[in-house]
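Below is one structure, written out as structure tokens, with a few remarks after it.
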Amino acid sequence: MISNPLRDPRDRRLPRVPEPCALVVFGITGDLARKKLLPAVYDLANRGLLPTNFALLGFARRDWGDEDFAELARDAARKAARTPWREEVWERLASSVRFVQGSFDDDNAFDELAATLGELEGSHGIGGNAAFYLSIPPAMFPVVLKQMQRTGMADSTPGRWRRVVVEKPFGTDLASSRELNELVDSVFTAEDVFRIDHYLGKETVQNLMALRFANELFEPVWNGHHVDSVQITMAEDVGIGGRAQFYEQTGAARDVLQNHLLQLLALTAMEEPVEFSAEEIRTEKLKVLRAISLPEDLSTFAVRGQYEQGWLAGQRATGYRQEEGVDPHSTTETYAAVRLGVETRRWAGVPFYLRTGKRLPRRVTEIALVFKRAPHLPFADTDTEELGHNQLVVRVQPDEGVTLKFGSKVPGSVMEVRDVSMDFLYGEQFTEASPEAYERLLLDVLLGDATLFPRNAEVEASWSVIDPLEEFWAGTTPQPYRAGEWGPRAADEMLAAEGRRWRRP
């Protein structure tokens, strides 16, 4: 193969296109596939990022033919596509769409799936390469994985690759996550397992590394000498929707704290990797996750809540226990907040406050570094009454961007210093819209790039943080908060106990 002398092989600016391959989606008729995966496949095709020889293979219980499935896929993709709809792009995709009907314990259905995949090698030139997306309840993972092992679909060879994508939650505690990891790794090799956390596919999360390590401006103050505390918030204004069965078994801590928020904490607190590679970034994140410490007084610094009836955006919102499918006496939390420490030289003594909740006033995810006050102010107290802490806020969603909050003199003949903000918004600065997280992550799976995917050790380190919390909360009743409020009063008291307060996003 002749290399291009005008192109640096390390140049990441040119788009990468995967080898010929197939994407096999289990649970193709579910919400995730219809709202996220199928639109992401269309958007990738529309951007020219899928190989010419590509096939989409769906597996579900519905009794459909290829045409029926293609129609459902078209409607789902058109409804939620990010890029403009082009019929000719979909027509090219539709010619490579196949559907296999069956249940997960049906040997004949999996034999047919394996045969169909083999046929696509000849008819569509996919080269035997395939990625399997498990868009199914975690309880079904063992059945499907064992079927794939039985049929040989999971076997990579020197001439073809086979990869699997596993959706969170990765188990329900440390023991079950280890069991699941061992099962997945016994069917696929560890390098071929992609545990998807869609938050890591968001542009602003990746920009966190660029913000820190590509600039000299921030890194010198990104430590405990200058930072007073770090607040990481993931707030949702919606309830549980139709996910009562899942949510009753999971709760806010297992659903969000264990994966999304601890991954954001790891990216915020990690040291600079020696190179921008999957292995080196994971190494630094793992150091942080293993350095996390829980507070001794969990009764004060670990709070969970459950929303009650209230008002949100002018609409009456029902309480959690009144949601369809929820136990009227449920003790499942819809809100969780905790104070964590990171026992490294950089972050010793700096509290990390994490919170997540449903039915909060607005949908927002952000990472806020709250800086210490200036040690000496040559101003009278009255000059700075309106001045708060300097803050650097990375907004992950919505209104993706970065805000810097600092003090400035108010115009006039007197000295008065007040907080002002400087904003950088992705949508205003760049003409190209940010791709959806699933676009980026699906493409990375097909390319075999594991940079944004947690490995076993990260998942297990995260459960080591969550398990003691779940054990402490077991048998207790979550504290109530009204829909439309920023969580239970105990969450405010948690910060007030140390002279701090939550930032209002």
Quiz item: Step by step, would you call F110 with V144 a side chain to side chain contact (heavy atoms under 4.5 Å, CB included)?
Solution: CA-CA 9 Å; F110 272 83; V144 173; 4.2 Å; yes

Practice problem: Take R74 and E87, measure what salt bridge (Lys or Arg N to Asp or Glu O under 4.0 Å) needs, and give me the verdict at the end. | Solution: CA-CA 10 Å; R74 180 186 183 278; E87 200 62 43; 2.8 Å; yes

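- One N or O on the side chain of T356 and one on the backbone of M234 form a donor-acceptor pair closer than 3.5 Å.
- Using modelled atom types, no side-chain atom of N46 and backbone atom of W85 make a donor-acceptor pair closer than 3.5 Å.
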Exercise. Would you please test L57 and T116 for side chain to side chain contact (heavy atoms under 4.5 Å, CB included) and show each step?
Key: CA-CA 9 Å; L57 187 51; T116 305; 3.9 Å; yes

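- Rounded to the nearest 0.5 Å, atoms NZ (K285) and CD1 (I281) are 7.5 Å apart.
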Exercise. Kindly determine whether Y320 and T332 satisfy side chain to side chain contact (heavy atoms under 4.5 Å, CB included), including the steps that lead there.
Key: CA-CA 9 Å; Y320 177 73; T332 300; 3.8 Å; yes

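- With D43 contributing its side chain and T83 its backbone, the two residues share a donor-acceptor pair below 3.5 Å.
- Remark: the backbone N or O of S177 is not paired with any side-chain donor or acceptor of E460 at under 3.5 angstrom.
- R34 is listed as a side-chain neighbour of L72, based on a closest heavy-atom distance under 4.5 Å.
- For the side-chain hydrogen bond (donor to acceptor under 3.5 Å, both in side chains) with Q306, the qualifying choice from R359, R321, E333 is R321, the only one to do so.
- A distance of 8.0 Å separates CD of E248 from OG1 of T331, quoted to the nearest 0.5 Å.
- By the 4.0 Å N-to-carboxylate-O rule, R440 lies close enough to D444 to be salt-bridged with it.
- Shortest non-hydrogen contact noted between A109 and S103 is CB-O, 4.4 Å.
- Separation of the F194 and F188 ring centroids does not fall under the 6.0 Å cut-off.
- Annotation: side chain of W161 is in contact with side chain of C21 (closest heavy-atom distance under 4.5 Å).
- If you take CG on N456 and CG on D185, they are separated by 4.5 Å, rounding to the nearest 0.5 Å.
- At least one side-chain heavy atom of L289 sits less than 4.5 Å from a side-chain heavy atom of S462.
- The shortest side-chain heavy-atom distance between V402 and R395 does not fall under the 4.5 Å cut-off.
- E485 is linked by a side-chain contact (heavy atoms from CB on, under 4.5 Å) to Y481, R482, counting only residues two or more places apart in sequence or in another chain.
- No cation-pi contact links R86 to W90, judged by a cut-off of 6.0 Å to the six-membered ring centre and 45° from its axis.
- The residues E271 and R212 are annotated as not salt-bridged, no charged nitrogen and carboxylate oxygen being separated by less than 4.0 angstrom.
- Side-chain contact between Y335 and R304 is absent, with no heavy atoms from C-beta onward closer than 4.5 Å.
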Exercise. May I have the step-by-step check of salt bridge (Lys or Arg N to Asp or Glu O under 4.0 Å) for E236 and K358, ending in yes or no?
Key: CA-CA 5 Å; E236 296 179 275; K358 299 270 190 191; 3.1 Å; yes

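- Note: L145 CG to F104 CZ = 11.0 Å, rounded to the nearest 0.5 Å.
- Here the CG atom belonging to D255 is positioned 11.5 Å from the OG1 atom belonging to T334, to the nearest 0.5 angstrom.
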Exercise. Please lay out, stage by stage, how Y307 and E323 fare under the test side-chain hydrogen bond (donor to acceptor under 3.5 Å, both in side chains).
Key: CA-CA 11 Å; Y307 64 82; E323 298 274 15; 2.6 Å; yes

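- Between F99 and F59, the distance separating the two ring centers is not shorter than 6.0 angstrom.
- Contact check for P505 versus W486: side-chain heavy atoms found under the 4.5 Å cut-off.
- Around the CD atom of Q322, the shell of radius 6.0 Å holds more than 12 heavy atoms that belong to other residues, nucleotides or ligands.
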Quiz prompt | Pair Q263-E458, side-chain hydrogen bond (donor to acceptor under 3.5 Å, both in side chains): steps then yes or no | solution = CA-CA 9 Å; Q263 284 289 324; E458 290 179 63; 3.1 Å; yes

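- Judged purely by atom type and a 3.5 angstrom limit, T233 has no side-chain atom pairing as donor or acceptor with the backbone of A235.
- For the residue pair Y42 and V89, the shortest heavy atom distance occurs at CE1-CG1, 3.7 Å.
- Atom CD1 of I232 and atom NE2 of H260 lie 13.5 Å apart (nearest 0.5 Å).
- Put simply, the side chain of R363 never gets that close to the backbone of V238: no donor and acceptor are under 3.5 Å apart.
- Side-chain contact between V41 and L442 is present, with heavy atoms from C-beta onward closer than 4.5 Å.
- Between the S96 side chain and the F54 main chain, a donor and an acceptor come within less than 3.5 Å of each other.
- Pairs passing the salt bridge (charged side-chain N to carboxylate O under 4.0 Å, His left out) check and including a residue from residues 133-154, sequence neighbours excluded, read D107-R150, D111-R150.
- Between S186 and Q149, the shortest heavy-atom contact is O-NE2, 3.6 Å.
- Across all non-hydrogen atoms, the minimal contact from N129 to G159 is OD1-O, 4.3 Å.
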Practice problem: Show your reasoning for whether side chain to side chain contact (heavy atoms under 4.5 Å, CB included) applies to V165 and L134. | Solution: CA-CA 6 Å; V165 184; L134 304 189; over 6 Å; no

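- Under a 3.5 Å cut-off, the side chain of D467 and the backbone N or O of L174 do form a donor-acceptor pair.
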Throw together a table of side-chain donor-acceptor distances under 3.5 angstrom for residues 308-317, partners on residues two or more places apart or in other chains.
none

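- Residues G487 and L360 come closest through the heavy atom pair N-CD2, 3.7 Å.
- A 4.5 Å side-chain heavy-atom check between N181 and R195 finds at least one atom pair inside the cut-off.
- Note on ring orientation: taking the six-membered ring where Trp is involved, the planes of Y438 and Y133 are tilted (angle from 30° to 60°).
- Without hydrogens or angle criteria, R355 side chain to A336 main chain gives no donor-acceptor distance under 3.5 Å.
- Counting only distance, with no hydrogens or angles, the side chain of R163 and the backbone of V193 share no donor-acceptor pair below 3.5 Å.
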Self-check item: R254/T172 under side-chain hydrogen bond (donor to acceptor under 3.5 Å, both in side chains): CA gap, chis, key distance, verdict
Solution: CA-CA 7 Å; R254 289 191 178 104; T172 55; 5.3 Å; no

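- Closest approach of D106 and N108 over heavy atoms only: OD1-N, 3.0 Å.
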